[in-house]
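This report refers to the structure that appears directly beneath it.
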Amino acid sequence: KMDTAEEADICRVCRSEGTPDKPLYHPCVCTGSIKFIHQECLVQWLKHSRKEYCELCKHRFAFTPIYSPDMPSRLPIQDIFAGLVTSIGTAIRYWFHYTLVAFAWLGVVPLTACRIYKCLFTGSVSSLLTLPLDMLSTENLLADCLQGCFVVTCTLCAFISLVWLREQIVHGGAPQWLEQNQQQPPNGVGQPNEVPGAGNGAAENAPVPAPANLPAENAAVAEVPGVQGEPAEDMEVDNEDEEDAAAEDAADANNGAPDDMNWNALEWDRAAEELTWERMLGLDGSLVFLEHVFWVVSLNTLFILVFAFCPYHIGHFSVVGLGFEDYVQASHFEGLITTIVGYVLLAVTLIVCHTQGLAALVKFQRSRRLLGVCYIVVKVSLLVVVEIGVFPLICGWWLDICSLEMFDASLKDRELSFQSAPGTTMFLHWLVGMVYVFYFASFILLLREVLRPGVLWFLRNLNDPDFNPVQEMIHLPIYRHLRRFILSVVVFGSIVLLMLWLPIRIIKHILPNFLPYNVMLYSDAPVSELSLELLLLQVVLPALLEQGHTRQWLKGLVRAWTVTAGYLLDLHSYLLGDQEENDNNANPQANNNQQARNNNAIPVVGEGLHAAHQAILQQGGPVGFQPYRRPLRFPFRIMLLVVFMCATLLVASLICLTLPVFTGRWLMSFWTGSTKIHELYTAACGLYVCWLSIRAITVLLAWMPQGRRVILLKVQEWSLMIMKTVIVAVLLAGVIPLLLGLLFELVIVAPLRVPLDQTPLFYPWQDWALGVLHAKIIAAITLMGPQWWLKTVIEQVYANGIRNIDLHFIIRKLAAPVISVLLLSLCVPYVIAAGVVPLIGVTVEMQNLVQRRIYPFLLMVVMLMGILSFQIRQFKRLYEHIKNDKYLVGQRLVNYERKGGKSSSTPPASSPQE
């Protein structure tokens with residue numbers, strides 16, 4: 001063959017011409033010099049690329065099978081039966097293997113962990129003797145497996161945390177006191193060593209070593225109590241001495257010195273290089289996972305014994321000895337509190353043994369280093385528990401106590417709820433505290449974008465890439481963390497008093513009938529309160545909070561307040577800087593160097609809480625300090641600024657607590673005619689109305705300078721868009737959820753809850769609310785699933801957005817098909833039950849039975865038809881597989897053919913050609 005350029009056709013891969021035994025094919029849309037290819041070259045390329053289509057034109061290659069001439073038109077029964085038996089045998093083998101894997105990981109491992117845990121904490125010798133029999137016991141299997149899964153999860157998390165903490169110590173450097181003890185000569189036995197947390201000693205006057213990843217200038221200005229008056233040159237000399245000492249330690253470690261930092265003999269970094277998840281869990285078909293099961297059980301036992309059994313009994317003996325047993329039992333968390341007491345005593349014992357008890361045994365440097373590292377592990381664990389567990393819990397309880405009058409509750413009510421469900425009560429208060437800390441940190445980040453760098457020197461800069469809270473936990477002494485914790489509690493508690501307790505008192509004095517908020521649940525209400533609460537929390541409020549305008553408005557209010565306060569108090573230079581006009585589009589960051597200049601400053605945000613709100617952090621730019629002009633009577637002006645800020649926060653809190661609820665109550669009273677409405681609905685309604693009002697005002701203010709004609713055009717455009725949005729909302733958020741909720745009620749809820757001798761009652765509002773949740777779940781599952789028409793349409797609707805909404809596309813492609821399917825699912829069973837069945841002449845009881853059970857019956861029929869069609873497809877695949885195994889001799893590549901003068905697969909506009 002010759003192309004238009006009168007050149008021989010060649011293969012796109014090997015660049016050779018076709019021969020009678022190796023002809024050329026054109027299997028895809030590509031033209032020109034890449035049109036043809038040998039079948040052997042294509043097969044080799046497909047094996048290499050692991051794709052079944054052309055990477056240029058995206059056309060899928062097709063092969064036609066070539067069977068043996070003696071193949072019968074239909075396979076014999078014995079061949080089908082033999083292939084079926086082989087497939088069943090393979091399926092049984094895989095089923096047995098995966099059952100063994102599931103039994104080992106979901107049965108043996110958690111059950112063993114739970115039984116060993118119970119045996120150790122029983123406290124009797126008989127439990128140890130009967131442990132083998134307890135392992136084989138079949139009592140409480142499900143409960144013990146669930147509890148064992150929790151124990152295994154805790155032990156694995158502890159193991160991973162231990163390995164990660166070791167990496168932090170290795171890469172970030174050991175604390176100064178541990179390094180000093182390593183470098184101490186033998187004749188210095190009688191010299192006092194610094195006890196971490198004691199507040200005195202040599203290490204307190206020495207600089208805290210910065211993490212290894214900090215630059216030199218940041219390491220030179222590390223926060224050091226006691227050396228704040230020293231010049232930077234002396235600190236740099238100290239750092240050079242430390243670097244020399246570290247280099248000597250590294251040289252000793254390379255020469256096999258016993259004080260190697262890698263004291264652990266296990267190579268944890270290389271332990272899992274040759275393992276994959278499939279091989280480790282046994283999903284690759286091998287039995288190697290049985291060894292891993294044994295090691296996991298052993299690791300669980302070891303960690304339960306070391307990290308739970310020993311600290312618990314140390315704390316138990318201490319609590320009993322001190323006579324605090326009754327108080328601990330009254331807390332309903334005896335195990336947790338006793339274990340924490342044991343860890344505290346263990347930390348004290350470790351550091352005493354490290355600094356005093358083994359001071360004479362200087363030769364055993366490895367033992368001393370091991371004790372020091374164990375103390376660091378216990379110290380970091382306790383600090384994490386305090387700052388991520390205790391601090392949010394304190395904030396949550398303080399928020400609840402300060403808001404009791406807002407809900408007409410008392411401390412007695414909280415005490416009764418705690419005694420009835422202590423775990424749930426503590427978790428809810430901890431969750432509320434975490435949300436409070438999260439939004440406080442978010443507001444601080446917003447302030448840093450507005451204020452001059454250096455204003456918030458007393459608050460920790462969460463955007464600083466050099467800040468590592470774990471390194472501070474490792475290096476800083478206990479008294480520093482305790483001081484930060486106390487000040488954090490004072491500051492957060494004062495803010496709650498200012499923005500919650502005081503506004504509530506003012507509201508009760510000025511508006512006596514406004515409070516309390518009505519948040520009672522009524523079980524006999526026609527509309528399920530819980531369903532509507534889920535609707536508001538899952539759909540309405542996230543949609544409001546996701547609007548980008550809310551944060552911009554808050555930022556604009558903060559900037560306006562800052563400018564006003566700056567000019568009123570002559571603190572404009574201090575708050576915004578002298579060059580703030582040139583930096584309006586920048587995101588200013590706070591300065592850690594300013595914090596180093598004020599070494600007695602204490603950050604109020606607990607550093608251990610950064611793990612909770614790390615998702616809101618953005619990597620900041622370079623950290624810098626911006627100078628400012630200091631006016632006369634500067635301290636007095638700062639005091640006035642603080643008073644002005646407190647008054648502003650109080651007024652803002654009063655507005656947020658009253659305006660949305662008042663607006664929502666007024667609007668909901670017109671709709672329902674009742675004044676006793678759940679305040680979650682009134683607050684959400686009022687919040688949305690206020691948000692829409694502010695949005696409309698801002699839009700009109702932005703349009704005002706453009707003239708009346710532009711405003712009319714904009715109003716016309718927005719009116720059309722709003723009308724389209726309302727139509728789409730009625731269809732997608734009104735009709736479809738209502739039909740979906742009603743169908744769910746008829747298929748699932750009514751047959752399970754209502755007996756045959758009773759008439760089911762349907763509440764459209766409740767069905768609609770549940771339908772919204774079901775529609776949201778179905779849409780999320782559809783978007784996560786494989787590509788099909790519904791997923792394509794939903795993605796297109798999301799991509800268009802509200803501004804480019806296509807009403808015709810949404811109705812034709814999404815609303816009409818879905819509504820048709822739901823209406824058919826609702827109407828066809830009803831027509832059969834109410835119209836066809838009575839014509840047959842059956843009894844009234846049978847008619848009632850058919851009407852009540854036809855919906856779940858048809859659902860079962862549809863599911864059986866789906867299963868049957870799936871099995872038919874599987875049998876066809878098995879038939880083809882048997883035929884190919886016995887009679888297939890080869891495959892021939894199929895050329896791309898054009899149908900009716902047009903390509904069956906339209907090539908792209910820029911088809912690749914040479």
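Since the structure is predicted, the reported quantities are computational estimates derived from the model, not experimental observations. Numbering starts at 1 and runs along the sequence shown.
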Does the ring centre of W561 sit less than 6.0 Å away from the ring centre of F644?
-> yes
Please check this pair: side chain of [X] against backbone of [Y], looking for a donor-acceptor N/O pair closer than 3.5 Å.
{"X": "T663", "Y": "G686", "value": "no"}
{"X": "N804", "Y": "G801", "value": "no"}
{"X": "T424", "Y": "A421", "value": "no"}
{"X": "W398", "Y": "V489", "value": "no"}
{"X": "T562", "Y": "V558", "value": "yes"}

How are the rings of [X] and [Y] set relative to one another: parallel (under 30°), tilted (30 to 60°) or perpendicular (over 60°)?
{"X": "W691", "Y": "W553", "value": "tilted"}
{"X": "Y436", "Y": "F492", "value": "perpendicular"}
{"X": "F485", "Y": "F391", "value": "perpendicular"}

At what distance, to the nearest 0.5 angstrom, does [atom1] of [X] lie from [atom2] of [Y]?
{"X": "L659", "Y": "C690", "atom1": "CG", "atom2": "SG", "answer": "4.0 Å"}
{"X": "Y517", "Y": "T682", "atom1": "OH", "atom2": "OG1", "answer": "8.0 Å"}
{"X": "R414", "Y": "H429", "atom1": "CZ", "atom2": "NE2", "answer": "6.0 Å"}
{"X": "L498", "Y": "C646", "atom1": "CG", "atom2": "SG", "answer": "5.0 Å"}
{"X": "D400", "Y": "F407", "atom1": "CG", "atom2": "CZ", "answer": "8.5 Å"}
{"X": "M645", "Y": "L650", "atom1": "CE", "atom2": "CG", "answer": "12.0 Å"}

[X] [atom1]: over 12 foreign heavy atoms closer than 6.0 Å:
{"X": "L632", "atom1": "CG", "value": "no"}
{"X": "F514", "atom1": "CZ", "value": "yes"}
{"X": "F636", "atom1": "CZ", "value": "no"}
{"X": "F333", "atom1": "CZ", "value": "yes"}
{"X": "Q716", "atom1": "CD", "value": "no"}
{"X": "F762", "atom1": "CZ", "value": "yes"}

Are the charged groups of [X] and [Y] less than 4.0 angstrom apart, N to O?
{"X": "D570", "Y": "R630", "answer": "no"}
{"X": "R665", "Y": "E679", "answer": "yes"}
{"X": "E405", "Y": "R505", "answer": "yes"}
{"X": "E449", "Y": "R559", "answer": "no"}

Is there side-chain contact between [X] and [Y], with heavy atoms separated by less than 4.5 Å?
{"X": "E387", "Y": "M473", "result": "yes"}
{"X": "W397", "Y": "T425", "result": "yes"}
{"X": "I507", "Y": "T658", "result": "yes"}
{"X": "P631", "Y": "L571", "result": "yes"}
{"X": "P737", "Y": "L740", "result": "no"}
{"X": "L502", "Y": "L497", "result": "no"}
{"X": "K555", "Y": "V450", "result": "yes"}
{"X": "K776", "Y": "V772", "result": "no"}

Might you work through the side-chain contact (heavy atoms from CB on, under 4.5 Å) test for S331 and Y327, ending with a clear yes or no?
-> CA-CA 7 Å; S331 65; Y327 298 100; over 6 Å; no
What are the two closest non-hydrogen atoms of [X] and [Y], and how far apart are they?
{"X": "P503", "Y": "L657", "answer": "CB-CD1, 3.9 Å"}
{"X": "I805", "Y": "T725", "answer": "CD1-CA, 4.2 Å"}
{"X": "L783", "Y": "I794", "answer": "CD2-CG2, 3.7 Å"}
{"X": "Q706", "Y": "A702", "answer": "NE2-O, 3.8 Å"}
{"X": "A683", "Y": "V661", "answer": "CB-CG2, 4.1 Å"}
{"X": "R452", "Y": "L576", "answer": "CB-C, 3.9 Å"}

Could you go step by step and tell me if W703 and W718 meet the side-chain contact (heavy atoms from CB on, under 4.5 Å) rule?
-> CA-CA 12 Å; W703 290 348; W718 276 71; 3.3 Å; yes
Going through the distances and angles, do R480 and E472 end up as a side-chain contact (heavy atoms from CB on, under 4.5 Å)?
-> CA-CA 10 Å; R480 295 278 298 279; E472 287 197 354; over 6 Å; no
Test applied, side chain to side chain contact (heavy atoms under 4.5 Å, CB included); reference residue, W768; option that passes from L738, I736, L739 = L738
Evaluate the side-chain contact (heavy atoms from CB on, under 4.5 Å) criterion for residues S494 and V490: first the C-alpha distance (whole Å), next the side-chain angles of each, then the deciding distance (0.1 Å), finally the verdict.
-> CA-CA 6 Å; S494 303; V490 171; 4.1 Å; yes
